[in-house]
Visitor: 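Submitted below is the structure of interest, expressed as structure tokens.
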Amino acid sequence: MPSAETSNRREPTMNVLPRKIDFLEMEEKWQQIWEEDGVYRYDWDDETRPVFSVDTPPPYPSGDFHMGNMLNHTYFDMRARYKRMRGYNVLFPQGWDCHGLPTEVAVEKAKGIRKSDVPPDVFRKMCEEWIEQYIGVMKTAVIRMGASIDWTTEYRTMEPEYMRKIQLSFLQLYEKDMIYKGEHPINWCPRCETAIADAEVEHDTKQGRIYTIPFETPDGEVLIATTRPVYLPACVAMGVHPDDERYRHLIGEKAKVPLFNQEIPIIANVEVDPNFGTGAMMICTYGDKADVVAVARYKLPVVKLIDGTGVLHDVAGKYAGMQIQEGQKSVVNDLREAGFIKEEKELEQEVGLCWRCDTPIEIVTAKQWFMRTISLTDKVLETANAITWYPDWMRQRLINWATGLDWDWVLSRQRVFATPVPAWYCKKCGKIRLAKSEELPVDPRVTMINDTCECGDTEFIPDNDVMDTWFDSSMTCAIHAGWPDKPNWRRQYPASVHPSGQDIIRTWAYYLMVRSLALFDETAYDSVLINGMVFGDDGRMMSKSLGNYVATPEVFSKYGADAPRQWAAAGGSTGTDIPFRWEDVEYGWRFQRKLWNACRFAGMRLEDFDPSENVEPTLIDKWIVTKLEKTVKRATETMEECDFMNASEAARNFIWHVFCDHYLEAAKTRLYGEGDAKKSAQQTLYYIVKQMIKLMAPITPHITEEIWRTMYNSDVSIHISPWPEYNEGLVDEEAEKIGDLIIAAISDIRREKNRKGVSLNALVKEAKIYADPEQAVFLRMGFQDIKDTLKIEALEIIEGEGGESKLEDYPSVGFSMVI
RNA sequence: GGGCCGGUCGUCCAGCCUGGUUAGGACGCCGCCUUUACGAGGCGGAGGUCGCAGGUUCAAGUCCUGCCCGGCCCA
């Protein structure tokens, strides 16, 4: 038989949070449970909820998930989490962008071989094994940071399935005449021995020399300044500005190239800057991009000067066989000896460098695969203008890039570890035999085709080229959506958000866009979410060589994920570069402790709370609820705009400085007491805590989950619970106004106690507050709150002026006290 | 040379679009407070010609023009 005491006791509504908690252990616990419970699974069959699809950037598995990855992943994870709480069916996939030269180089080094030493499929296998070990490391980091990924979607761009889709898109683009093979000037890295795209060329200034040399013309010598005399044998014209009085009469005449003696035409070219050098320039095939433009415009002949390894061809005469730098030296020496160098001086010049190895790039003509992109520029601009950019001004980056492009996209690369071009050529007539879709995936270097060419021949030679790795990654939106196999892939397409670092807008965002327009005549994504670069705490770009580098495992093992996530959210405006600062992470950590303790206190005061009982809320309770609702409104508006910084600020400021500092202090006495005043405080606490942890849930998913599940006894994750709706019905402007005054009175009197060197808890024998009639009425409404919070034995509220001190924000209110 | 972004206490970052009390926050610094959620906390203090110069306006950190400095991208 139960005793009277126990029979009166109800089951506690809430579980109280423990005093001590190991945040790191707690985080890993939830990461495991989320995965086991499939909390973040996308429902492919759901026809009711709206879809929100994230075009997760597949990281290159370098084995180093750095703070930049952390920033980037936190941004779109917060977006995904917010949208999920807003009722969206969120598709948040994760892939790994495996192909690429760095792996080839690493494998060559590790195995002590060159890629050409073994068959391509064997080398490929080595690369696959190499990269796989890093995927594990990267995946651990992505899980550890608390990304709400649906891991059933995981993929690798090196998988046959993925390559099949890439090759299929290649075939489809070919059919649409959007892919072609052509002879065209391209950027060429002599060291990597491969074509590279514009986007892979980095620019730098180098100290060089500029030589002034004479060209013989019917009107005597014309001096030309050039940095690259080695290109003289490939000189095909002299260009002068048509308005340049010095040379105008020479247009249409011939000039003789020094040392090599070929005759070249003198042409009018408006691109020539009459003020640069001597005002006359030589056009060579190809010294630089300006040459490419001029040669095309004036239909000049092309002289192939260098081969794929940067060695000079026969046309260079006695210099043939030399490396280009060596040739440059010899030509300069010979020019000097022959007295052809009239002047030479130092010049800071722009050079294009290979993004991988920093080797100066050359421009060569070669047969390569291209995708038509220039013809789509108008559509790209139109689409860039139509979609949403976070932040808005980033739109211009894509527009500038697309507008400035000169060439189509060079797709082919002369490498091994990448998606092969699915093509063979008839040995006899040379006709292209493309793979058929049912033959995919295929590596022509390994698999020979059994077919008969139109010419009757049955022998084929493989295309040895592979594709730019951006050709792999610029299909992510479609492949994430389920293209081409899932019949309803268009439900997930275009992607709702394409996240990107500002540095790869010109590559990833651009290629995705142009590819989607070519293939589907539609945008690939509806919005772009940009993150800036991460700087070290010394204000410079974070890098290992500068010594300002911070590795994520170091951060995770000290502070877990929720604290650095707060840094990522609040470290700076979306899209801008932000410094990594340990102080920001530590601040996040301290916020978590504060949140934890506040919720623990709330839980303890709610143990005997009965949610079914409703009482009329007191003034201060209405006040805090109003503050909360306004915070919900602000947090919702900012989250909608991907303004994570202000969303964090709104939530953290409310929790720490409004709820903890003011409300809890003011409500404490009631919570320790009895009756309706206590019940009102309890029902308020119950509501506030639930709402406020939800505001933090997308930012700090672990701690909010722990609090939610413990305190609210929920079997369902906070992350699929509804986001707080702004409830205007709970906003009480009058209560806020009066509450502000009462809180100000408490706060200022408390401060005064502090100034006098006594604790808040110390008893005040007597206090008098002086106020005008209206304010006196307001203050009387908070009489008990003021008296209890400040431990005043005798409180008097008096109409009129007086008191030793004034309230800071209400100069008409004065007070004095006796301790 | 062009485009974009930035220049705000010692440091980092908000505020600028939509002009309006005393320009906020964090870190750091200094001082005070053992307070039954939290001392890994609370309270307070010092610290700012809002890059420079003009202009618009009753009013400019905010809008306009020019310039200087820094970053990124491009030529």
Side-chain angles (χ1 to χ4, degrees), chain A residues 16-20 23 198-199 201-203 271 273 275-276 288-290 293 350 352 391-406 501-507 530 532-533 535 537-541 559 563 566-567 570-573 575-606 638 641 643 645-646 648-650 652-653 656-657 659-662 664-665 667-669 671-672 685 689 747-762 789-791 808-809 811:
Chain A
V16 179
L17 301 174
R19 188 167 203 279
K20 293 251 181 231
F23 284 147
D198 270 1
V201 179
E202 311 236 307
H203 296 269
E271 307 258 304
D273 178 358
N275 299 317
F276 184 82
D288 60 25
K289 261 182 147 179
V293 174
E350 277 281 333
D392 191 64
W393 47 267
M394 280 293 176
R395 182 196 317 274
Q396 205 57 38
R397 296 265 175 128
L398 185 67
I399 289 174
N400 289 349
W401 175 254
T403 315
L405 282 173
D406 298 317
Q502 50 169 279
D503 55 332
I504 53 172
I505 291 174
R506 66 173 202 219
T507 45
I530 302 295
M533 304 288 99
F535 287 78
D537 54 8
D538 58 357
R540 291 188 295 176
M541 185 86 80
Y559 293 103
Q566 290 182 70
W567 156 77
S573 299
T576 61
D577 297 334
I578 72 170
F580 174 79
R581 307 181 85 217
W582 282 107
E583 297 95 307
D584 289 353
V585 179
E586 276 156 20
Y587 179 74
W589 180 258
R590 287 191 291 117
F591 170 78
Q592 282 160 225
R593 301 195 67 85
K594 190 75 184 173
L595 176 65
W596 181 263
N597 283 314
C599 291
R600 189 168 82 88
F601 172 72
M604 292 190 302
R605 298 295 101 216
L606 285 169
T638 48
E641 291 301 313
D643 179 1
M645 171 185 234
N646 284 307
S648 311
E649 203 273 334
R652 293 199 296 190
N653 183 58
W656 201 328
H657 302 297
F659 177 72
C660 292
D661 290 350
H662 295 307
L664 286 184
E665 294 302 336
K668 235 174 217 176
T669 312
L671 286 164
Y672 281 116
L685 260 193
V689 170
S747 175
D748 282 22
I749 296 172
R750 173 187 185 177
R751 210 174 292 160
E752 194 55 32
K753 279 174 83 171
N754 194 279
R755 272 201 197 100
K756 293 188 170 171
V758 293
S759 70
L760 176 66
N761 212 25
T789 309
L790 295 163
K791 309 271 188 292
E808 202 175 315
D809 294 329

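Order of the sequence lines sets the chain letters (A, B, ...), proteins ahead of strands, with each chain counted from 1. Just the heavy atoms: all of them, side chains too, but no hydrogens, waters or symmetry mates, feed the values below.
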Visitor: Which of these nucleotides, B/G15, B/C43, B/C72, is closest to any side-chain atom of A/Asn646?
Guide: B/G15
Visitor: If you look at every strand shown and take non-hydrogen atoms under 4.0 Å, does A/Met604 touch a base, only sugar-phosphate, or nothing?
Guide: sugar-phosphate
Visitor: It should be established whether A/Arg581 places a side-chain nitrogen or oxygen under 4.0 Å from OP1 or OP2 of nucleotide B/U11.
Guide: no
Visitor: Return yes if some donor-acceptor pair links the side-chain N/O of A/Asn646 with the main-chain N/O of A/Glu649 below 3.5 Å, else return no.
Guide: no
Visitor: Checking all strands, does A/Met645 fall into the base, sugar-phosphate, or nothing category for heavy-atom contacts under 4.0 angstrom?
Guide: sugar-phosphate
Visitor: Please work out if A/Gly575 contacts a base, only the sugar-phosphate, or nothing of the nucleic acid, heavy-atom cut-off 4.0 Å.
Guide: nothing
Visitor: Expressed in whole Å, how much space separates the P atoms belonging to B/C52 and B/C29?
Guide: 29 Å
Visitor: Hey, are the side chains of A/Thr789 and A/Lys668 touching, using non-hydrogen atoms and a 4.5 Å cut-off?
Guide: no
Visitor: In whole Å, what separates the C1' atom of B/G28 from that of B/G45?
Guide: 14 Å
Visitor: Roughly how far, to the nearest 0.5 Å, is CD1 of A/Ile749 from CZ of A/Arg751?
Guide: 11.0 Å
Visitor: Scan A/Lys668 against the nucleic acid and name what it touches under 4.0 Å (heavy atoms): base, sugar-phosphate only, or nothing.
Guide: base
Visitor: Considering every strand shown, what is the Watson-Crick or G-U wobble mate of B/U36 when both distances are under 3.5 Å?
Guide: none
Visitor: Which part of the nucleic acid, if any, lies within reach of A/Glu665 when heavy atoms closer than 4.0 Å are counted: base, sugar-phosphate only, or nothing?
Guide: base
Visitor: Considering every strand and a 4.0 Å limit on heavy-atom distances, what is the contact class for A/Cys660: base, sugar-phosphate, or nothing?
Guide: base
Visitor: Can you see if the side chain of A/Trp582 gets near the phosphate of B/C27 - specifically, an N or O under 4.0 Å from OP1 or OP2?
Guide: no
Visitor: Figure out the CG/P separation between A/Leu398 and B/C4, and round it to whole Å.
Guide: 15 Å
Visitor: What's the gap between B/A46 and B/U8 when it is taken at their P atoms, as a whole Å value?
Guide: 22 Å
Visitor: Can a side chain N or O of A/Arg19 be found less than 4.0 Å away from OP1 or OP2 on B/C38?
Guide: yes
Visitor: In whole Å, I'd like the distance from the CG atom of A/Asn400 to the P atom of B/C5.
Guide: 10 Å
Visitor: What distance, rounded to whole Å, do you find between the two P atoms, one in B/A60 and one in B/G51?
Guide: 15 Å
Visitor: Name the pairing partner of B/A14, where a pair is Watson-Crick or G-U wobble with both distances under 3.5 Å, or state none.
Guide: none
Visitor: What nucleotide among B/G71, B/C38, B/G41 has an atom nearest to a side-chain atom of A/Arg600?
Guide: B/C38
Visitor: When the nearest nucleotide of RNA chain B is assigned to A/Ala598 and to A/Gly404 on a heavy-atom basis, which residue is associated with the more 5' position?
Guide: A/Ala598
Visitor: Both distances below 3.5 Å, Watson-Crick or wobble geometry, any strand: find the nucleotide opposite B/U57.
Guide: none
Visitor: In terms of the angle between their ring planes, are A/Tyr559 and A/Trp582 parallel, tilted or perpendicular, with boundaries placed at 30° and 60°?
Guide: tilted
Visitor: Using a 4.0 Å heavy-atom cut-off, does A/Leu664 contact any base of the nucleic acid, only the sugar-phosphate backbone, or nothing at all?
Guide: base
Visitor: With rounding to the nearest 0.5 Å, note down the distance linking CE in A/Met533 to CD in A/Gln502.
Guide: 5.0 Å
Visitor: With a 4.0 Å cut-off on heavy atoms, is A/Trp567 in touch with a base, just the backbone sugar-phosphate, or nothing at all?
Guide: nothing
Visitor: Measure CZ/A/Arg652 against P/B/G24 and give the value in whole Å, please.
Guide: 20 Å
Visitor: In whole angstroms, how far is the P atom of B/C43 from the CG atom of A/Leu790?
Guide: 14 Å
Visitor: Whole angstrom is fine here: how far is it from CZ in A/Phe591 over to C1' in B/G42?
Guide: 17 Å
Visitor: Considering non-hydrogen atoms only, spot the tightest contact between A/Val689 and A/Ala602 and give its length.
Guide: CG2-CB, 3.8 Å
Visitor: Determine the interatomic distance between C1' on B/C38 and the same-named atom on B/C33; round to the nearest Å.
Guide: 15 Å
Visitor: Under a 3.5 Å cut-off for both contacts, is B/G28 paired Watson-Crick or G-U wobble with anything, and if yes, with which nucleotide?
Guide: none
Visitor: Assess the side chains of A/His657 and A/Asn653: does a donor N or O sit below 3.5 Å from an acceptor N or O?
Guide: no
Visitor: State the pairing partner of B/G19; accept Watson-Crick or G-U wobble contacts with both distances under 3.5 Å, and report none otherwise.
Guide: none
Visitor: Quantified in whole Å, what is the C1' atom distance between nucleotide B/U34 and nucleotide B/A40?
Guide: 15 Å
Visitor: If you measure from the P atom in B/G3 to the same atom in B/U18, how many Å do you get, rounded?
Guide: 23 Å
Visitor: For A/Asp661, which contact category applies under a 4.0 Å heavy-atom criterion: base, sugar-phosphate, or nothing?
Guide: sugar-phosphate
Visitor: Pick the nucleotide of RNA chain B nearest each of A/Thr576 and A/Arg593; which residue has the one closer to the 5' end?
Guide: A/Thr576
Visitor: Both distances under 3.5 Å, Watson-Crick or G-U wobble: report the partner of B/G6, or none.
Guide: B/C69
Visitor: Sticking with atom P, work out how far B/C16 lies from B/G1, rounded to a whole angstrom.
Guide: 33 Å
Visitor: Using whole Å, what does the distance between atom C1' of nucleotide B/U35 and atom NZ of A/Lys791 come to?
Guide: 9 Å
Visitor: A cation-pi test, strictly: NZ or CZ of A/Lys594 under 6.0 Å from the centre of the six-membered ring of A/Phe659 and no more than 45 degrees from its axis. Yes or no?
Guide: no
Visitor: OP1, OP2 of B/C13 versus side-chain N and O of A/Ser573: anything below 4.0 Å?
Guide: no
Visitor: Using a 4.0 Å heavy-atom cut-off, does A/Trp596 contact any base of the nucleic acid, only the sugar-phosphate backbone, or nothing at all?
Guide: nothing
Visitor: Decide if the gap between the ring center of A/Trp567 and the ring center of A/Tyr587 is smaller than 6.0 angstrom.
Guide: no
Visitor: Does a nitrogen or oxygen in the side chain of A/Arg751 sit under 4.0 Å from OP1 or OP2 of B/G44?
Guide: yes
Visitor: Using the side-chain heavy atoms of A/Tyr587, tell me which of these nucleotides is nearest: B/C27, B/C72, B/C74.
Guide: B/C27
Visitor: Among B/G71, B/C74, B/C4, find the nucleotide with the atom closest to the side chain of A/Arg506.
Guide: B/C74
Visitor: Return no unless some side-chain N or O of A/Lys594 is found under 4.0 Å from OP1 or OP2 of B/G42.
Guide: yes
Visitor: May I have the distance from A/Asp577 (atom CG) to B/C13 (atom C1'), rounded to whole angstrom?
Guide: 13 Å
Visitor: Rounded to whole Å, please give me the gap between CZ in A/Phe535 and P in B/C12.
Guide: 12 Å
